Amino acid sequence: MTRLSPLLALSAALYSAPTASLPGHPTPNQPSLTWNLLATNTTAQFRGLAPVSQTTAWLAGTNATVLRTTNSGATWSNISPTLSGENSTLIQFRDVEAFSATEAVILSIGEGNASRIYRTADAGLTWARTFVNNDPSAFYDCMAFENAKHGLAMSDPVQGKFRLLETWDAGATWALVSDKGMPAALTGEAGFAASGTCIEAAAGRWYIASGGADPGRVFRSHDGRHWKVANSSVPGSAAAGVFSVRFRDQKNGIAVGGDYEKPTGNTDNAVWSKDGGKTWLKAKTFPGGYRSGVSWVPGRGQVAVAVGTSGSDITYDGGRNWHAIGNGTFDAVECVSKGVCWASGSGGRVARLEL
């Protein structure tokens, strides 16, 4: 959704949140969790985040900026594409999907030909522009890959239905997916280009998070072509709805969101599912405000981390209850192992969370 204006990063008060001695089970006597901030030497806003290991991560953001680290964030290389004859300040990268230290795909957002996809296979030394949107009514928000070859990119509704692009060759070529199997969108419904996670691929399934209409909804598919949709209990409006959906297997999922114009609003902003997204249940205790991204922690069962402009939170019970994390003001989060999560946001802000 275009309509995500830059958000003022708010400071989150430190909160004593327990770490987990065993997956899914917090121990009150453990020290509080706090993000370790990393210097990127840039003021770009990074909503695109793709760590591929504990040491290697990619960032994509405003002013056509792309950064990469291979030393756990100690230093970052600027590997931004060269945009010959174009104003780079008009290009906003909102998503990056990386497959290794050398291969990645990036998505820029905007109406018409501002929505684009680029691909590199040589760690950013060269970039190929592999898709340019030529439909003025389309606006691409996010993309996801189920493996290193097959991926989908999602646009806001065109002619009343969400539009999808598909690649089978790691982003080298793209083709439109027929919308015959896509349910009709509600009036005003759209995705939020907030963290690159408004579309999700997990355990052989696909999911789409939506807002803009009330309530926010979650679409689900077994093949990326035939979709069903369920209401969440996350209220929707022009600035509100479900911003991020993630699944750890075919049954267990979490979704977060809220209203980005009310960053500290902490009611009905997180839900969870135990039946593959057919139904969604409200959290018992909610994250501390609007949350734009969420990620499961691999190898830790029901542990997941959510981030937003007013703070970040961790759940130990699959999204039923959330606990604040100190120093956590971000747009996107990705956990790559049971011990490390990465997060990124405005003002060049990037951090790692050691679990």
Side-chain angles (χ1 to χ4, degrees), residues 1 24 141-147 150-157 161-164 166 177 179-186 189-192 194-236 240-258 268-284 286-287 291-298 301-306 315 317-322 333-335:
M1 180 182 274
D141 298 298
C142 51
M143 57 185 175
F145 281 75
E146 65 173 349
N147 53 47
H150 185 215
L152 294 175
M154 186 197 86
S155 165
D156 287 343
K161 292 184 177 181
F162 281 98
R163 171 171 286 183
L164 296 174
E166 185 173 44
V177 177
D179 66 1
K180 290 183 178 179
M182 179 69 70
L186 302 175
E189 190 172 22
F192 289 103
S195 65
T197 54
C198 58
I199 188 169
E200 158 82 327
R205 299 289 188 268
W206 295 89
Y207 304 89
I208 289 173
S210 78
D214 191 29
R217 303 199 293 174
V218 177
F219 295 69
R220 65 188 187 278
S221 173
H222 67 280
D223 60 2
R225 285 172 167 75
H226 302 89
W227 295 81
K228 296 182 179 179
V229 63
N231 290 342
S232 76
S233 59
V234 179
V242 182
F243 280 68
S244 178
V245 58
R246 309 302 289 270
F247 274 76
R248 63 183 176 91
D249 52 41
Q250 290 188 1
K251 295 295 185 182
N252 296 285
I254 45 178
V256 299
D268 296 344
N269 61 350
V271 293
W272 58 277
S273 176
K274 61 180 179 180
D275 58 10
K278 295 178 183 178
T279 59
W280 293 89
L281 302 171
K282 293 182 183 182
K284 294 180 180 178
F286 294 105
R291 297 292 178 257
S292 52
V294 65
S295 177
W296 292 100
V297 181
Q302 300 189 77
V303 181
V305 175
T315 177
D317 56 9
R320 280 74 164 174
N321 296 278
W322 293 87
V333 60
E334 294 289 345
C335 301

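These values consider heavy atoms only, across backbone and side chains, with no hydrogens, waters or symmetry-generated copies. Keep in mind that what you see is a predicted model, and the values were worked out from it rather than measured. For reference, positions follow the sequence shown, starting with 1.
- Contact check for Val177 versus Arg225: side-chain heavy atoms found under the 4.5 Å cut-off.
- Applying the ring-ring contact (aromatic ring centres under 6.0 Å, His included) test to every pair with at least one member in residues 199-224, sequence neighbours left out, gives these pairs: His150-Trp206, Phe162-Phe219, Tyr207-Phe247.
- When side chains are defined from C-beta on, Arg320 counts as touching Trp272, because their heavy atoms get closer than 4.5 Å.
- By the 4.5 Å heavy-atom criterion applied to side chains, Trp227 and Pro183 are counted as neighbours.
- Closest approach of Ala230 and Lys278 over heavy atoms only: CB-O, 3.4 Å.
- Asp249 contributes a side-chain N or O that, together with a main-chain N or O of Asn252, makes up a donor-acceptor pair within less than 3.5 Å.
- Atoms OG and CG, from Ser210 and Asp156 in turn, are 10.0 Å apart once rounded to the nearest 0.5 Å.
- For the residue pair Pro157 and Ala185, the shortest heavy atom distance occurs at CG-CB, 3.6 Å.
- What you find for Gly216 and Ser232 is that their closest heavy atoms are O-OG, 2.8 Å.
- Going from atom CZ of Arg220 over to atom CD of Glu200 covers 15.0 Å, rounded to the nearest 0.5 Å.
- For Ser244 (side chain) and Val294 (main-chain N/O), a donor-acceptor pair under 3.5 Å exists by modelled atom type.
- Here the side chains of Pro215 and Ser233 are not in contact, with every heavy-atom distance at 4.5 Å or above.
- Between Lys282 and Asp268 there is a salt bridge, since a side-chain N of the basic residue sits under 4.0 Å from a carboxylate O of the acidic one.
- The shortest side-chain heavy-atom distance between Val234 and Val271 falls under the 4.5 Å cut-off.
- Pairing each heavy atom of Ala201 with each of Ala144, the nearest pair is N-CB, 3.9 Å.
- Side chain of Glu189 to main chain of Ala213: no donor-acceptor pair is present (N/O by atom type, distance under 3.5 Å, no hydrogens or angles).
- Side-chain contact between Arg248 and Gln302 is present, with heavy atoms from C-beta onward closer than 4.5 Å.
- A pairwise comparison of heavy atoms in Val305 and Trp322 identifies C-CZ3, 4.3 Å as the closest pair.
- Taking the side chain as every heavy atom from C-beta outward, Asp214 and Pro235 approach each other to under 4.5 Å.
- Distance check: Leu164 CG to Ile199 CD1 gives 5.5 Å after rounding to the nearest 0.5 Å.
- By the 4.5 Å heavy-atom criterion applied to side chains, Arg246 and Glu334 are counted as neighbours.
- With rounding to the nearest 0.5 Å, the separation of OG1 in Thr315 from CH2 in Trp296 is 7.0 Å.
- Here CG of Leu152 is found 11.5 Å from CE of Met143. Values are rounded to the nearest 0.5 Å.
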> Passes side chain to side chain contact (heavy atoms under 4.5 Å, CB included), Arg217 versus Leu186? Steps please.
Replying inline: CA-CA 10 Å; Arg217 303 199 293 174; Leu186 302 175; 3.7 Å; yes

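- Contact detail for Ser295 and Cys335: the closest heavy-atom pair is OG-N, 3.0 Å.
- Taking OG of Ser292 as the reference point, atom CZ of Phe243 lies at 7.5 Å (rounded to 0.5 Å).
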